[in-house]
Amino acid sequence: MQEQIKKSNWIAQIHPYVRVYCAMVLIIAAAAVPHPTQLLMIGLPIIALAVASSLSWRRWIVGLFAVISLIAGLMVLSILSGMSIASAEFDRMGMFIVKCLLVFVCSSALFQTTGHVNVCRALEYIRVPALFTAVAGQIFRWFEIVHHEALRMNTARVLRGGDRKSRIAQLGDIAVLIASLMVRSFSRAERVATAMECRGFDGRLPHSIMLAPHAAAYAPLAITLVYVLMSVVAI
């Protein structure tokens with residue numbers, strides 16, 4: 001994380017809380033604008049943020065694949081329910097795909113440069129309910145733990161010659177690993193919950209030692225708000 005921040009000096013100079021608020025403004029704007037030209041204007045700073053954050057092209061592909069899979073699933077369900085393909089509004093469908101992709105890219109760029117703890121504390125600072133921030137923080141942390149556990153299990157599979165099996169056998173091994181990963185995740189979640197309760201966790205993150213942003217630190221947020229308003233009103 002620190003390595004990624006060092007690559008983007010101008011992002012590192014922005015207070016972490018302000019980064020979160022700027023990303024929130026761009027995400028809300030990208031999801032709400034109705035016109036393609038407005039969406040293009042909102043997408044430009046999101047793309048610039050992703051490039052400055054050294055977001056890999058693989059992350060773009062993952063987001064695009066997830067959105068296209070969602071659209072394909074919805075189309076199959078619509079066809080099965082009796083809707084004809086000719087009645088589909090492909091222009092709105094394209095807008096939806098671009099919106100989802102921009103939201104995903106903006107969120108990925110934020111977490112590329114800002115730790116999940118600072119994201120949750122930034123939300124707490126603007127009085128978001130502690131239940132939401134605590135649950136979100138645990139989910140973000142759990143993603144990382146499960147990812148590392150999956151990599152460790154796959155490495156063990158490869159070292160045991162799993163990559164030399166046939167494709168069908170490899171798919172069977174992966175299915176077994178996924179089932180085992182789910183069981184281990186539930187078991188570990190129970191242990192973590194018990195440990196947190198024993199330590200007196202009250203549903204709120206520990207107090208941050210980071211100082212609240214001063215007035216001048218909100219300049220990037222003001223610039224983002226002005227840009228978004230001009231993009232929405234002027235077009």
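In what follows, every heavy atom counts, from backbone to side chain, and hydrogens, waters and symmetry copies are set aside.
Of the residues Val33, Val228, Val233, the one that meets the side-chain contact (heavy atoms from CB on, under 4.5 Å) test with Gln38 is Val33.
Pairs passing the salt bridge (Lys or Arg N to Asp or Glu O under 4.0 Å) check and including a residue from residues 172-182, sequence neighbours excluded, read Lys165-Asp173.
Across Ile126 and Met24, no two heavy atoms sit closer than the pair CD1-CE, 4.4 Å. Minimum heavy-atom separation, Ser53 to Gln112: O-CG, 3.1 Å. Closest heavy-atom contact between Ala217 and His15: CB-CB, 4.4 Å.
Side-chain atoms of Tyr21 come within 3.5 Å of backbone N or O of Ala122 as a donor-acceptor pair. Not one N or O on the side chain of Ser187 forms a donor-acceptor pair closer than 3.5 Å with the backbone of Val183.
The hydrophobic clustering, which links ILVMFWY residues whose side-chain heavy atoms are closer than 4.5 Å, places Leu40 and Val25 apart. There is a path of hydrophobic side-chain contacts, each under 4.5 Å, that joins Met93 to Leu39. A continuous path of Ile, Leu, Val, Met, Phe, Trp and Tyr side chains, each step under 4.5 Å between heavy atoms, connects Val51 with Trp60, placing both in one hydrophobic cluster. Tracing side-chain contacts under 4.5 Å through hydrophobic residues (I, L, V, M, F, W, Y), one never reaches Val18 starting from Ile27; they form parts of separate clusters.
Between Leu49 and Ile11, some side-chain heavy-atom pair lies under the 4.5 Å cut-off. Between Tyr227 and Met41 there is a side-chain heavy-atom pair separated by less than 4.5 Å. Within the 4.5 Å cutoff, no side-chain heavy atoms of Thr224 are placed close to those of Pro45.
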Output side-chain donor-acceptor pairs under 3.5 Å for residues 100-111, partner residues at least two apart or in another chain, one line each.
from	atom 1	to	atom 2	distance (Å)
Ser107	OG	Val103	O	2.9
Ser108	OG	Phe104	O	2.9

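In this structure, CG on Leu171 lies 8.5 Å from CZ on Arg167, to the nearest 0.5 angstrom. The CD atom of Gln170 sits 5.5 Å away from atom CZ of Arg157, with the distance rounded to the nearest 0.5 Å. For the atom pair CE of Met153 and CD1 of Ile174, the computed distance is 11.0 Å after rounding to the nearest 0.5 Å. Residue Ile46 holds its CD1 atom at 12.0 Å from SG of Cys22, rounded to the nearest 0.5 Å. In this structure, CD1 in Ile47 is found 12.0 Å from CD1 in Ile42, a value given to the nearest 0.5 Å.
Open room surrounds CD1 on Ile168; 12 or fewer heavy atoms of other groups in view lie less than 6.0 Å from it.
Remark: Asp163 pairs with no residue by the side-chain hydrogen bond (donor to acceptor under 3.5 Å, both in side chains) rule, at least two apart or across chains. Applying the side-chain hydrogen bond (donor to acceptor under 3.5 Å, both in side chains) criterion to Arg160, with sequence neighbours excluded, gives no partner residue. The side-chain hydrogen bond (donor to acceptor under 3.5 Å, both in side chains) check on Glu149 picks up Arg152, Arg184, with sequence neighbours excluded. The ring pair (Phe, Tyr, Trp, His ring centres under 6.0 Å) test applied to Tyr125 returns Tyr17, not counting sequence neighbours.
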Next on the checklist: As a quick check of understanding, evaluate side-chain hydrogen bond (donor to acceptor under 3.5 Å, both in side chains) for Arg121 and Asn118, giving each step before the final call.
Outcome noted: CA-CA 5 Å; Arg121 286 171 175 166; Asn118 285 331; 4.7 Å; no
